[in-house]
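Here's the structure we're looking at; comments come further down.
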Amino acid sequence: MLLPLLLRECCSRHGLQVASSVRSCIRTPDWRELHSLRGPSLLRGQGRGPLDSFTEAFLLRRAPSRLHLQSRGAKGRKNYRQAQEEEWRQRNKTVLTYIAAAGVGMIGMAYAAVPLYRLYCQASGLGGTAVAGHDTEQVATMTPIKDRVIKVTFNADTHASMQWNFRPQQTEIYVVPGETALAFYKAFNPTDKPVIGISTYNVVPFDAGQYFNKIQCFCFEEQRLNPKEEVDMPVFFYIDPEFDEDPRMARVDTITLSYTFFEAKEGQQLPLPGYS
Amino acid sequence: MSTAMNFGSKSFRPRAPDKGAFPLDHFGECKAFKEKFMRCLRDNSHDNSKCRLQSKDYLECRMDKQLMAKEPLEKLGFKDLMDQPSTEKPETKPQG
């Protein structure tokens with residue numbers, strides 16, 4: 001840093017320009033030379049001429065006038081370059097700040113997206129999630145829609161290693177939306193050991209699943225059957241009356257409820273589905 | 001639970017039942033009511049609307065035998081059946 005400074009001072013003293021790339025002195029005509037006197041006497045006498053007004057400007061904290069750039073040469077150019085670099089640095093800082101803010105904003109949006117998506121799914125009912133406003137009070141006030149009869153068929157499955165005999169007690173039942181219905185499954189444990197089972201269910205067609213509301217059933221909780229024991233397992237459900245108003249459900253006449261039993265280990269707890 | 005890997009179509013999400021799970025009827029205390037209900041279904045070609053009285057009776061039995069949390073019948077959707085007396089009951093039960 002110091003060398004160019006010295007170089008520039010030296011060259012300006014001699015009325016020479018510093019070619020910044022070459023770092024050597026190039027003689028360019030000083031305005032005083034051009035207009036009036038010539039010769040080294042001028043330079044010797046007024047060697048500090050070009051420097052004076054600049055130092056003055058610098059000391060008085062005035063930006064060096066661009067008019068003098070060509071003739072004022074080295075120092076002016078250095079200051080100009082410094083100003084430019086300063087400006088670039090400023091601009092870089094601004095850009096970096098914007099980029100950092102955008103990055104932090106992205107991370108924040110990623111975290112906020114989870115509850116927002118949940119709300120959106122509940123509002124729009126996408127993916128068969130529970131529609132917001134589905135409450136248990138609806139059961140007491142809903143009225144059956146008598147002209148829309150839906151056939152509900154039942155299916156029972158067990159996991160391969162589960163030895164229970166699990167089957168529905170009725171193949172189908174005809175219900176109307178808005179009316180509560182009862183259905184039974186039967187399970188028998190043919191083994192000599194108590195077996196604990198956990199079940200889950202499925203509703204086909206998937207879209208209709210959001211209208212299929214179970215008030216009480218036997219799913220998602222451990223059910224223990226003693227050896228050679230047979231029990232009746234009821235399912236108490238209803239189909240939401242809004243089923244009739246959904247245009248996508250206009251052609252749906254059959255809903256299949258399918259239960260699958262798995263063997264559970266002692267003390268195991270299935271997480272309840274949903275966003276609770 | 002959906003096993004298909006098609007992301008475009010919706011998949012099924014099971015939901016927990018509103019009132020939880022029924023305790024198992026290990027001793028068959030309400031088996032008689034269940035048989036009545038099943039017989040009604042078979043006689044009426046599996047029409048649920050015709051057998052609502054029997055299903056109400058079954059649920060009442062469950063509630064009496066502590067196999068189900070006691071609930072007013074309107075909450076179970078039996079508002080229209082509340083005025084009718086229960087059919088062929090050996091003992092009278094208070095309604096509502």
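In the text below, chain A, chain B and the rest are named by the order of the sequence lines, each starting its count at 1. It should be emphasised that the depicted structure is a prediction, and the values quoted were computed from it without experimental measurement.
With salt bridges taken as basic N to acidic carboxylate O contacts below 4.0 Å, one links A:Arg91 and A:Glu87. A salt bridge is defined here as a Lys NZ or Arg NE, NH1 or NH2 lying under 4.0 Å from an Asp or Glu carboxylate O, and B:Lys19 with A:Glu221 fails to meet this definition.
Other residues, nucleotides and ligands contribute at most 12 non-hydrogen atoms within 6.0 Å of the NZ atom of A:Lys93.
Only the side chain of B:Phe37 comes within contact range of chain A, with heavy atoms under 4.5 Å apart. Looking at A:Gln216, the atoms closer than 4.5 Å to chain B (heavy atoms on both sides) sit in the backbone and in the side chain alike. For a residue to count as touching a neighbouring chain, one of its non-hydrogen atoms must lie under 4.5 Å from one of that chain's; by this rule B:Arg62 touches chain A with the side chain only. For B:Leu59, the part lying under 4.5 angstrom from a heavy atom of chain A is the side chain only.
Relative ring orientation between A:Trp164 and A:Phe261 is described as tilted, the plane-to-plane angle lying within the 30° to 60° band.
By number of non-hydrogen pairs under 4.5 angstrom with chain B, the leading residue of A:Gln170, A:Glu230, A:Met233, A:Lys151 is A:Gln170. Each of A:Phe218, A:Phe236, A:Phe212 has some count of heavy-atom pairs under 4.5 Å with chain B, and the biggest count is that of A:Phe236. Interface summary for chain A: among B:Gly20, B:Cys30, B:Pro23, B:Gly28, the most heavy-atom pairs under 4.5 angstrom belong to B:Gly20.
The distance from atom CE of B:Met68 to atom CZ of B:Phe22, rounded to the nearest 0.5 Å, is 4.5 Å.
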